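Note sheet for the following structure.
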2 protein chains.
Amino acid sequence: MNSQSIENYLKVIFNQAIVTDEVNTTGIAQALEVSLPSVNSMVKKLAGMGLLEYEKYKPLKITEKGRQTAAMIIRKHRLTEMYLVEKMGFGWEEVHDIAEQLEHIQSPEFFDRMDELLGHPQRDPHGSPIPNKQGHIAILEYRMLSDCKPGEKVELKALAHTSDEFLRYLNSKELALGVQVQVVEVEVYDKNMTVDYEGRREVLSALVCSKLLVS
Amino acid sequence: MNSQSIENYLKVIFNQAIVTDEVNTTGIAQALEVSLPSVNSMVKKLAGMGLLEYEKYKPLKITEKGRQTAAMIIRKHRLTEMYLVEKMGFGWEEVHDIAEQLEHIQSPEFFDRMDELLGHPQRDPHGSPIPNKQGHIAILEYRMLSDCKPGEKVELKALAHTSDEFLRYLNSKELALGVQVQVVEVEVYDKNMTVDYEGRREVLSALVCSKLLVS
DNA sequence: TAAATTTGTTAGTCAATGCTAACTATTTAA
DNA sequence: TTAAATAGTTAGCATTGACTAACAAATTTA
Ligand SMILES: [Mn+2]
Ligand SMILES: [Mn+2]
Ligand SMILES: [Mn+2]
Ligand SMILES: [Mn+2]
């Protein structure tokens with residue numbers, strides 16, 4: 001069985017590999033808040049396990065086996081988040097830290113039961129796709145709200161960032177997944193966007209709009 | 001935060017201290033399936049943390065702080081078992097191994113939510129008491145079914161052993177907590193007991209009867 | 001009570017996972 | 001295109017929690 005450390009490394013590497021296919025050591029160190037030499041030695045270990053391709057001074061590549069293994073951990077993480085929100089009444093800003101621990105539980109039955117009770121959900125509470133049991137992840141093609149033009153009416157589908165602070169900000173604006181948003185006006189100077197939704201009118205910064213994924 | 005190892009040791013020590021106030025090293029080693037030197041060094045560490053009293057070659061005593069700390073882990077374990085049975089549809093024979101892992105999750109909110117959703121249960125699925133948030137454990141005075149006399153009608157309240165095999169045996173006999181059992185006859189020679197319950201008549205061995213706690 | 005057995009301890013080792021300091025290779029900027 | 005900055009590596013060490021081998025104390029048995 002892989003240790004929690006190994007699982008956490010693999011998850012970070014997998015996520016970075018989505019952005020750019022080649023992953024670098026420094027990025028892993030920053031994401032996990034560990035030193036570069038710690039990453040270097042773990043990376044060699046993961047390579048030895050066939051989860052990564054490693055050559056000295058070259059960017060890392062995750063293998064199919066690594067991708068598969070990571071997908072199963074992410075599946076457990078996202079199922080957990082969904083379960084906590086849907087079945088235990090947590091807010092979407094409360095679930096990540098708990099899921100970060102529960103994703104390491106070794107019990108297929110436990111997660112299968114969550115999956116069943118949830119009716120085999122496709123997305124986690126932040127709109128990210130839940131990998132299926134085969135490790136396949138649906139790629140969701142959403143646009144950023146910041147790319148929308150005045151007059152467009154779109155639905156909030158997912159978030160590109162899920163920090164507690166951002167989620168609490170969205171709570172304060174009553175912005176939740178599924179909300180229909182109409183773009184009223186885009187300020188040319190700073191790209192601030194005036195939007196209407198749920199009978200409200202709000203001005204959202206370019207930063208916020210770039211993290212709201214819509215369709 | 002205490003490590004999982006520390007928590008597992010403490011739980012074992014606490015449980016053994018219920019039987020005899022003084023705990024010995026060998027018993028811990030057997031329960032955790034580790035070597036005696038491993039126990040010896042951990043015991044010194046726990047003593048250094050104020051969780052145990054330790055003197056060379058003397059039996060161990062758990063401190064009030066140790067008792068309190070252990071009770072909170074056991075609370076998490078038993079709440080989890082109850083949650084898995086009541087809210088997720090697991091059988092009472094399936095939950096211990098999952099709870100053994102979940103008891104180490106660091107999230108008061110997670111267990112508080114379980115507790116609420118369960119309506120603040122007093123017992124786990126095997127009839128063992130769930131310590132309250134102050135670490136207090138209700139002492140339940142049950143008799144062993146093996147101490148009952150022919151003609152007595154009692155209710156199955158708890159189990160003195162909870163191994164998977166025993167629980168599966170009870171499943172096969174449809175013996176569950178809450179079942180009303182009438183003692184029909186006790187064989188003098190081997191103490192085998194003939195009992196009636198739920199419209200069935202069964203003969204239970206003395207070993208089994210000594211593990212069925214009734215009132 | 002002396003010998004044998006059981007229980008507990010010490011010393012030394014190992015694997016996993018982290019670290020810092022020192023160094024090397026690669027990339028970027030002057 | 002050399003110098004500076006950044007990124008990656010190595011060596012050496014610390015901590016946690018396990019182990020075996022050797023030994024000492026306590027308890028049981030003869
Ligand atoms: Mn998350
Ligand atoms: Mn994690
Ligand atoms: Mn249990
Ligand atoms: Mn445990």
Side-chain angles (χ1 to χ4, degrees), chain A residues 1-17 19-62 66 69-70 73 100-101 103-106, chain B residues 1-14 16-17 19-62 66 69-70 73 100-101 103-104 106:
Chain A
M1 214 59 328
N2 295 331
S3 70
Q4 295 204 183
S5 254
I6 288 175
E7 293 193 341
N8 285 334
Y9 271 94
L10 205 53
K11 214 167 41 122
V12 162
I13 293 165
F14 178 91
N15 281 325
Q16 302 209 351
V19 186
T20 44
D21 207 50
E22 301 190 322
V23 177
N24 60 333
T25 310
T26 307
I28 303 170
Q30 282 166 359
L32 288 171
E33 300 184 274
V34 295
S35 70
L36 273 170
S38 299
V39 174
N40 184 252
S41 72
M42 180 58 91
V43 146
K44 286 175 179 173
K45 177 180 201 165
L46 296 177
M49 296 167 74
L51 301 165
L52 292 184
E53 283 171 47
Y54 169 74
E55 268 185 285
K56 258 193 186 183
Y57 293 107
K58 295 268 173 65
L60 304 162
K61 280 202 220 147
I62 191 166
T69 308
I73 305 159
E100 199 58 49
Q101 298 178 65
E103 69 190 358
H104 305 293
I105 297 294
Q106 299 299 332
Chain B
M1 213 61 324
N2 296 330
S3 69
Q4 294 203 183
S5 256
I6 289 175
E7 293 193 342
N8 286 335
Y9 270 95
L10 205 53
K11 214 165 43 120
V12 161
I13 293 165
F14 178 91
Q16 303 209 350
V19 186
T20 44
D21 206 49
E22 300 189 325
V23 177
N24 60 334
T25 309
T26 307
I28 303 170
Q30 281 165 358
L32 288 170
E33 300 183 275
V34 295
S35 69
L36 274 169
S38 299
V39 174
N40 184 252
S41 72
M42 181 58 91
V43 145
K44 286 175 178 172
K45 178 179 200 168
L46 296 176
M49 296 168 74
L51 300 165
L52 294 184
E53 285 172 44
Y54 169 74
E55 269 184 284
K56 259 193 189 184
Y57 294 105
K58 294 268 173 67
L60 304 162
K61 280 203 219 149
I62 191 164
T69 308
I73 305 160
E100 199 58 51
Q101 298 178 65
E103 69 189 357
H104 305 293
Q106 300 298 333

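Hydrogens, waters and symmetry mates play no part in the numbers below; they use all other heavy atoms, side chains included. Since we're looking at a predicted model, the values are computed, not measured. Below, chain A is the first sequence line, B the second, and so on; all start at residue 1.
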Sub-4.5 Å side-chain heavy-atom contact between A:Ile13 and A:Ile28: yes
Donor-acceptor contact present, side-chain A:Asn15 to main-chain A:Lys11, <3.5 Å: yes
Touch class at under 4.0 angstrom, heavy-atom based, for B:Ser5 against every strand present: sugar-phosphate
Phosphate-side-chain proximity, B:Tyr9 and D:dA18, N/O vs OP1/OP2 below 4.0 Å: yes
Audit row: A:Leu60, A:Asn24, side chain to side chain contact (heavy atoms under 4.5 Å, CB included) steps and yes/no: CA-CA 6 Å; A:Leu60 304 162; A:Asn24 60 333; over 6 Å; no
Contact residues, residues 40-56 of chain B to DNA chain C [heavy atom, < 4.0 Å]: B:Asn40, B:Lys44, B:Tyr54, B:Lys56
Sugar-phosphate only, base, or nothing, as touched by B:Thr26 at under 4.0 Å among non-hydrogen atoms: sugar-phosphate
Any B:Ser35 side-chain N or O less than 4.0 Å from OP1/OP2 of D:dC19: yes
Nearest atoms (heavy-atom pairs only) where A:Leu36 meets A:Ala29: CD2-CB, 4.2 Å
Shortest side-chain distance from A:Pro37, nucleotide among C:dA21, D:dG17, C:dT26: C:dA21
Phosphate-side-chain proximity, A:Ser38 and C:dC19, N/O vs OP1/OP2 below 4.0 Å: yes
Step-by-step side chain to side chain contact (heavy atoms under 4.5 Å, CB included) determination, A:Lys61 to A:Leu52: CA-CA 6 Å; A:Lys61 280 202 220 147; A:Leu52 292 184; over 6 Å; no
Sugar-phosphate only, base, or nothing, as touched by A:Thr25 at under 4.0 Å among non-hydrogen atoms: sugar-phosphate
Side chain of A:Leu36 (C-beta onward), nearest among D:dT20, D:dT9, D:dG17: D:dT9
4.5 Å side-chain heavy-atom contact, A:Tyr9 and A:Asn2: no
